[in-house]
J.: 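Shown below is the structure under consideration.
The analysis underlying the following values was restricted to heavy atoms, covering all of them including side chains, and did not include hydrogens, waters or symmetry mates. Just so it is clear, the structure is predicted and the values come from calculations on it, not from any experiment.
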Amino acid sequence: MAIKKAEILSRADFDEAVVTLRLNVSEIAKETGIPRTYLSEFRNGDRKLRPERQAKLRDYFEAKGVVFDDAREPDPAAVAGEDPATALHPRVQAVQGIRLHFPIADTVPAEIVNKAVEMMDDADARLATLLKTNVTRDDGLFGEAGFTDEFKAALQEAFGLLAGGYVIFRMLRGWPAFGVKPLAEQPETLRDVLFSTFNQTLIDAGLIEPEENAEAAAEGVEVTK
């Protein structure tokens with residue numbers, strides 16, 4: 001008779017530990033030696049980690065003070081046998097008593113939604129660190145001096161993360177403003193400048209294709225995957 005063994009670390013445990021410790025997947029990958037892609041796919045339910053890697057992650061989190069409840073219920077998606085590509089992101093599954101929801105465009109596949117939410121989670125973790133940055137100012141001869149370059153850099157990064165998260169959120173809803181590339185090589189409008197600024201972010205999230213020609217842009221072709 002086969003003996004069923006409980007998971008060493010479920011993806012729900014992993015997600016909660018990441019949020020609790022305010023870490024991002026890149027930091028965990030660097031400190032554990034487990035490839036970032038493996039961790040991202042595990043978090044999204046697209047990969048099963050080997051027991052030794054689950055154990056390594058559990059030891060890593062416990063060393064940072066996380067206490068796991070081994071009596072917790074198993075992942076509902078896994079029990080139901082749901083397709084990882086269509087299963088809800090753990091962050092969405094964890095929400096109880098939903099009072100309000102926002103629509104997601106039908107053209108955005110579930111795996112892209114999960115990827116986008118993961119990116120916003122990583123940005124949240126980085127923001128949590130930046131928000132603790134102490135205000136520092138240059139020495140001024142008369143009155144209060146301006147912010148130091150280091151603080152300005154932290155402030156700029158924080159605004160960039162906040163803006164990038166908003167753009168991803170709006171694109172998930174099917175917002176067409178950044179749906180195509182600028183028609184001109186040189187930015188001609190504020191929209192062009194913003195699109196260029198967040199172009200790689202949207203590509204990484206899978207919300208736009210890395211290459212779209214000017215003809216498709218001129219015709220207003222939908223580029224969301």
J.: Is it true that Ile34 and Leu21 fall in one hydrophobic cluster, defined by side-chain heavy atoms closer than 4.5 Å?
T.: yes
J.: To check you understand the geometry: which heavy-atom pair defines the closest contact between Ser40 and Glu118, and what is its length?
T.: OG-OE2, 2.7 Å
J.: With hydrophobic residues grouped by side-chain heavy-atom distances under 4.5 Å, do Leu130 and Leu162 end up in a single group?
T.: yes
J.: Is the shortest heavy-atom distance from the side chain of Leu23 to the side chain of Lys64 under 4.5 Å?
T.: yes
J.: CD of Glu62 to CG of Leu9: how many Å apart, nearest 0.5 Å?
T.: 9.0 Å
J.: Considering residues, nucleotides and ligands other than Gln156, do more than 12 of their heavy atoms fall under 6.0 Å from its CD?
T.: no
J.: Atom OG1 of Thr148 and atom CG of Asn134: how far apart are they, to the nearest 0.5 Å?
T.: 10.5 Å
J.: Should Val167 and Thr201 count as side-chain neighbours, where that means a heavy-atom distance under 4.5 Å?
T.: no
J.: Between the main-chain N or O of Asn24 and the side-chain N or O of Glu27, is there a donor-acceptor pair closer than 3.5 Å?
T.: yes
J.: Is there side-chain contact between Asp122 and Arg126, with heavy atoms separated by less than 4.5 Å?
T.: no
J.: Run the side-chain hydrogen bond (donor to acceptor under 3.5 Å, both in side chains) test against Asp204 and tell me which residues pass, sequence neighbours left out.
T.: Gln200
J.: Mind running side chain to side chain contact (heavy atoms under 4.5 Å, CB included) on Val66 and Asp13 for me, showing each step along the way?
T.: CA-CA 10 Å; Val66 174; Asp13 284 333; over 6 Å; no
J.: For residues 20-48, which residue pairs pass the ring pair (Phe, Tyr, Trp, His ring centres under 6.0 Å) check, not counting sequence neighbours?
T.: Phe14-Phe42
J.: Please enumerate all residues that pass salt bridge (charged side-chain N to carboxylate O under 4.0 Å, His left out) together with Glu150, with sequence neighbours excluded.
T.: none
J.: Return the CD1 to CG distance between Ile8 and Leu57, rounded to the nearest 0.5 Å.
T.: 10.0 Å
J.: Could you pull out the closest heavy-atom pair between Gln54 and Leu49, with the gap in Å?
T.: NE2-O, 3.0 Å
J.: Applying the 4.5 Å side-chain criterion to the ILVMFWY set and letting contacts propagate, would Leu194 and Leu161 be lumped into a single cluster?
T.: no
J.: Within the 4.5 Å heavy-atom criterion, are Glu41 and Pro35 side-chain neighbours or not?
T.: no
J.: Work out which heavy atom in Phe198 is nearest to a heavy atom in Gly160; give both atom names and the distance.
T.: CE2-O, 3.7 Å
J.: When you compare the side chain of Ile28 with that of Phe61, does any pair of heavy atoms fall below 4.5 Å?
T.: yes
J.: Does a sphere of radius 6.0 Å around CZ in Arg36 hold more than 12 heavy atoms from other residues, nucleotides or ligands, not counting ones at 6.0 Å or beyond?
T.: yes
J.: Find the distance between NZ (Lys132) and CZ (Arg22) and round it off to the nearest 0.5 Å.
T.: 5.0 Å
J.: Less than 4.5 Å apart, any side-chain heavy atom of Val25 and any of Asp121?
T.: no
J.: Among the clusters formed by ILVMFWY side chains lying less than 4.5 Å apart, do Val19 and Leu131 turn up in the same one?
T.: no
J.: Distance from Met119 atom CE to Ile168 atom CD1, nearest 0.5 Å?
T.: 4.5 Å
J.: What's the shortest heavy-atom distance between Arg43 and Arg11, and which atoms?
T.: O-NH1, 3.5 Å
J.: Go through the steps to decide whether Leu172 and Met120 satisfy the test side chain to side chain contact (heavy atoms under 4.5 Å, CB included), and finish with yes or no.
T.: CA-CA 12 Å; Leu172 286 173; Met120 288 191 285; 4.2 Å; yes
